[in-house]
Peer 1: 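First, the structure itself, so that you have it in front of you.
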Amino acid sequence: MKNFGRGLCYVVFISLIFFFAGCEKKKVEQVSEITPPQQQGAGITPSAPGPKDDITMPGAQAGGGQEAGAVNLTGAAKAFEDNDIHFDYDSFSIRPEDRRILAEKASYLNAKPNVKIRVEGHADERGTTEYNLALGERRANAAKEYLVFLGINAARISTVSFGEEKPLDPAQTEEAYALNRRGHFVILAQ
Amino acid sequence: MKKALTLILALILALPAALMAQGVHIDIEGKEFRRLKVAMPSFGGQRPLADTLWATCAKDLEISGAYTLIPPRAYLNPGPMSKVDPSTMKNWSLIGADYVIAARVDSQGGLVSLAVQVVEIATSRVLISTAYTARVETPHRAVHTFMDSLLGKSLSLDPMFSSKIVAVQKVGRRKQLFTAWCDGTGGGTIKGGGDLVLDPAWSPDGRKIAFVSYWRNNPDLYLLDMATLRVETLSALRGINTTPGFDRTGRKMALTLSRDGDPEIYVMTVGTRELLRLTTSWAIDTSPSFSPDGRRLAFCSSRTGNPQIYVMDIFSRSAQRITFQGTYNSEPVFSPRGDLIAFTYLSPEDGRYHVALIRPDGSGLKVLPGTGRGDESPTFSPDGRLVAFSGSDGNIYVTDLAGSFLTRVTGAGAFSQPSWSPVLQ
C-alpha cells in the first residue's frame, strides 16, 4: 500500500511534468517592452541593460544545459571536461593528434555507462556569425561521430554550436584563434 | 536655307529643355549622379525640439545619398527660418542651392508638428508645404515622413526613411535585440530574449522579427510580434535552427537546419511549419536569402572547400556558383529590386572583410570601401538604394551602392547583424 502510494505520487508527478511540457509548446512568451530613447538627438541612445530575466521562457531552465558544467567534478570527470580538441581554420576535420583525446573520452564513457554528454562546437571570431554557427555545428558533429565510431551510443551524446559567440580567449591573435576553434565536452548527467 | 538653319538652331535649343522636362535622371548605381544641394537654416518654433529635429533632418539628408547639405556657415540668412521669404531667393541661388528647406516645430497636446516648406530655387516653385505630425514620444517620425515625401517629390524616389534597423546589441556578456529608425533615432533595446540572441530578420510587413535565441540552450528560431511583444517558437529541432529570411509574401521563410546531421537549407511554410529541404551537399549550406520574386535563393555553401555564394532556382533546385574571387564569401542578401546581391567578402588583396555587391549571374563584382577595418552582414534599405552593415568597431553604418558616402548610425554600444525593415506605416 505504501508502495502504491509512492507509485501514485510518481505517476502524478510525471503527469505534471508532461502537462507543463505540453503547455510550454503552445504558450507564447511575453517579452518586455522596447525601452524608449533616453534623450533626443541624431545618435542612438542605447538603454541600460535590463534585469537579467525580463522574460522567462517557461521551461527555459529545464534540461541541464550550461548549468551542468558547474557541477563540481573531480578526477577523471574533470579531465574529461578540461581537455578540448581543436580544429584548423575553416575546417571540421578531427586532427590526428586529437584522436588520443577522443579515445580517452570514449574509454571514460565506456567506464561510466550512465553518463550523458554534450559536445560544444566553437569557432574563432574571423568570418561571419552565420557561417561560424554552421561551422561550430559541423565541429561538434565531427567529434560526436568520432565517439560513435569508437563505440559510444549516439543517444548519449548531444551537440550544440556556439559559433564564434563564446571565445575562450578574446584576443585577436593566432594563438587565441587556435584556442577558440575547439570542441568542448560537458558532462550532463552522471 | 535660312529657314532650315533656324529650324536646326531651334532644335538644338529645344533639346536640353526636352531632356529637362523628363525630370532629373538618377543613376541609382551611380557614379554619374550629382547630389542635390540643399540649404536648411535652423528651424523656427519650439526649442530645443526645433534643433533636435533639424539635426535629424541634416543626418537624413546625408544618409539619403541624394542630397548634400550646404553648411549653415555659408548662409546669408542663417535662421531660424520658419518660412521661405521669397525675397531671399537670390541669396540661396548665390551659394549654389538647388532647394531651400524652412520649417517650424511646435508641440501641443501630445503631438509634434513639423511645418515644412521646400522651395526649388531655380523655379521658385514650392515643392512641399505641409505640416507633418508625430506623437511627442516619437518626434523623429515627423522628419522621416517629411524626408520620404522629399525623396518622392524632388527625385521620384521610393520612400525609405520610415523604416527601422534591428540589430544584435552586446551588453556585457549578453546579446540582445536592438531596434532604431534607420538613421539611428529612437533606439531601444528589446529586453529579454535570453542571454544570446542572433540573426534577426524582419517580416515583410514590418510587424514581426524572426531571431535565434539560446533560450533552451540550443540555437532555435523564434518569432517576435512587435505590437504585442509576444514570442512564438518557429523551429526548435535538433541541431542548429538559424539564419531566418522571409520571402516577400511573408508566407515562406528560408532557414538553416542541421537536423539531418549537417547544415542544410530549408524553406518553411510559416503558417504550418511545414519544411522543404533544398540542399543535399555534404558541406555547410547556410545564409539563404530569397529573391524578390521568390523563385531563387542566394546562399552560402562550402561545397568547393571554402564558403562561396550560390544562387539556386528553387523549383529546379539547380544552383550556380557566382563568386570566384577570394576564399571566404558569405552572408548573401538579395536586393529588394532583385538585380544585386550584397555579401561579406574576404578580400584576397588586403585580407580584410568588406561588403561587396555582385549581380545574380556572377558579373559586376564591386567591393564597397566601407570602414576598411572589417565590415560584415550587409542589409539593403527597402528601396534598394542603400546598404547598412556592421563594422568591426561595433557600429552600424549606412552607405550607398556606389560607396560614395559612409555614415555611422549607431552611438555608443556594440552592434552586429543589422537587418533593415520594409517601409513601416
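Quantities reported herein were computed from a predicted structural model and do not represent experimental measurements. Letters A, B, ... mirror the listed sequences (proteins, then strands); counts begin at 1.
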Peer 1: Contact part of B:A414 toward chain A, heavy-atom cut-off under 4.5 Å: side chain, backbone, both or neither?
Peer 2: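 For B:A414, there is no contact with chain A at all, as no heavy atom is under 4.5 Å.
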Peer 1: Considering only heavy atoms and a distance below 4.5 Å, find which of B:D60, B:N306, B:D262, B:T138 pairs most often with chain A.
Peer 2: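 Looking at each option in turn, the highest pair count goes to B:D262.
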Peer 1: Heavy atom to heavy atom, less than 4.5 Å: which residues from residues 88-104 of chain A reach chain B?
Peer 2: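 Result: A:Y89, A:D90, A:F92.
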Peer 1: With B:S347, which residues qualify under side chain to side chain donor-acceptor pair (under 3.5 Å), at least two apart?
Peer 2: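 Checked B:S347 against side chain to side chain donor-acceptor pair (under 3.5 Å); matches are B:D350.
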Peer 1: Would you mind telling me which of B:S287, B:P263, B:S302 makes a side-chain contact (heavy atoms from CB on, under 4.5 Å) with A:Y131?
Peer 2: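 When B:S287, B:P263, B:S302 are each tested with A:Y131, the side-chain contact (heavy atoms from CB on, under 4.5 Å) holds only for B:S302.
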Peer 1: Which residues in residues 143-159 of chain A have a heavy atom less than 4.5 Å from any heavy atom of chain B?
Peer 2: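 Within residues 143-159 of chain A, the residues under 4.5 Å from chain B are A:K144, A:T159.
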Peer 1: Test your reading of the model: is there a side-chain donor-acceptor pair from B:Y353 to the backbone of A:G127, 3.5 Å cut-off?
Peer 2: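 Flag set: sc B:Y353 to bb A:G127 pair under 3.5 Å.
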Peer 1: Of the non-hydrogen atoms in A:V160 and B:N217, which two are nearest, and what is the gap between them?
Peer 2: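 Smallest heavy-atom distance, with atoms named: CG2-O, 3.5 Å.
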Peer 1: Looking at B:I240 and A:A134, what are the two nearest heavy atoms and their distance?
Peer 2: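 So the two residues come closest at CD1-CA, 3.8 Å.
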Peer 1: Report the C-alpha distance between A:E137 and B:S258 in whole Å, list the side-chain angles of each, state the deciding distance to 0.1 Å, and finish with yes or no for side-chain hydrogen bond (donor to acceptor under 3.5 Å, both in side chains).
Peer 2: CA-CA 8 Å; A:E137 176 73 2; B:S258 62; 2.6 Å; yes
Peer 1: Decide yes or no for B:T242 and A:E130: does some side-chain heavy atom of the first lie under 4.5 Å from some side-chain heavy atom of the second?
Peer 2: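 In short, these two side chains do not touch, never coming nearer than 4.5 Å.
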Peer 1: Heavy atoms only: give me the nearest A:T128-B:Y328 pair and the separation to one decimal.
Peer 2: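 In terms of heavy atoms, the two residues are closest at N-OH, 3.2 Å.
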Peer 1: Nearest heavy-atom pair of B:L196 and A:E165: which atoms, and what distance?
Peer 2: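 Closest approach of B:L196 to A:E165, heavy atoms only: CD1-OE1, 3.7 Å.
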Peer 1: List the atom of A:T129, the atom of B:E331, and the distance in Å for their closest heavy-atom pair.
Peer 2: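 Looking at all heavy atoms of both residues, the shortest contact is N-OE2, 3.9 Å.
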Peer 1: Strictly by ring pair (Phe, Tyr, Trp, His ring centres under 6.0 Å), give each pair with a member in residues 226-245 of chain B just once, sequence neighbours left out.
Peer 2: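 Sorted result for residues 226-245 of chain B: empty, none.
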